[in-house]
Amino acid sequence: NAGVMQNPRHLVRRRGQEARLRCSPMKGHSHVYWYRQLPEEGLKFMVYLQKENIIDESGMPKERFSAEFPKEGPSILRIQQVVRGDSAAYFCASSPLSGGARRGTDTQYFGPGTRLTVL
Amino acid sequence: KQEVTQIPAALSVPEGENLVLNCSFTDSAIYNLQWFRQDPGKGLTSLLLIQSSQREQTSGRLNASLDKSSGRSTLYIAASQPGDSATYLCAVSSGNTPLVFGKGTRLSVIA
């Protein structure tokens, strides 16, 4: 069973360009989380998605950032008009379940991350 | 709002020593706590997950304890090896909320 896959692993963009980060969850997982790790900082939650639904986007900046998890294909985190402050490692995690009956038992499995550098 | 603190921020020990990493959290209403390992430029590897009803979990040379009422967890590493050098992250889950991470402890084990 392949783990969580993210691509690209490294992405370089100039200020003002768009960045698209992709995440393929583990097989059988229908929940995806995106986290951002700024230099010398801990991981911060950005957005939580199920297939075709955004469940919680409280950690995502209101402007320039968007995320989707379509019925088919990977989850996409899009950053428009990137700025130098967007340079960070972006991690995706997946889990088979959200809260509900088995709340607290679902481990999140992390991908290797995409390291975005904005010049 | 949940906050997670890890002490120390960095630690350097000689090979063979036993060591303890500390994690504290402000809201004791958690569902589980996880310890992760992160190697430079790499992703996160889950080491141990402790459910809120448990007090400890063990895997090989690693032992993690949880005291929910006091908002603390420790990761004990026995007989440290140079290959243990990495950043260790603690994260808590409060059910439907996403994981809240500490900033990590950067461990160096010197041969």
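B:Q38 contributes atom CD, which lies 4.5 Å from atom CD of A:Q37 (distance to the nearest 0.5 angstrom).
Counting non-hydrogen atoms of neighbouring residues, nucleotides and ligands closer than 6.0 angstrom, the CD atom of B:E15 exceeds 12 such neighbours. Other residues, nucleotides and ligands place more than 12 heavy atoms under 6.0 Å from the NZ atom of A:K51.
Contacts between B:L44 and chain A at a heavy-atom distance below 4.5 Å involve backbone atoms as well as side-chain atoms. Neither the backbone nor the side chain of A:Q6 comes within less than 4.5 Å of any heavy atom of chain B.
Residues A:M60 and A:L21 share a hydrophobic cluster, clusters being chains of Ile/Leu/Val/Met/Phe/Trp/Tyr side chains in contact below 4.5 Å. In the hydrophobic clustering of this structure, A:I76 does not group with A:F65; members are Ile, Leu, Val, Met, Phe, Trp, Tyr whose side-chain heavy atoms approach within less than 4.5 Å, directly or through other members.
Under the 3.5 Å distance criterion, the side-chain polar atoms of A:Y35 are matched with a main-chain donor or acceptor of B:L99.
Annotation: ring-ring contact (aromatic ring centres under 6.0 Å, His included) contacts of B:Y88 (sequence neighbours excluded): none.
For the residue pair B:G43 and A:F91, the shortest heavy atom distance occurs at CA-CE2, 3.5 Å.
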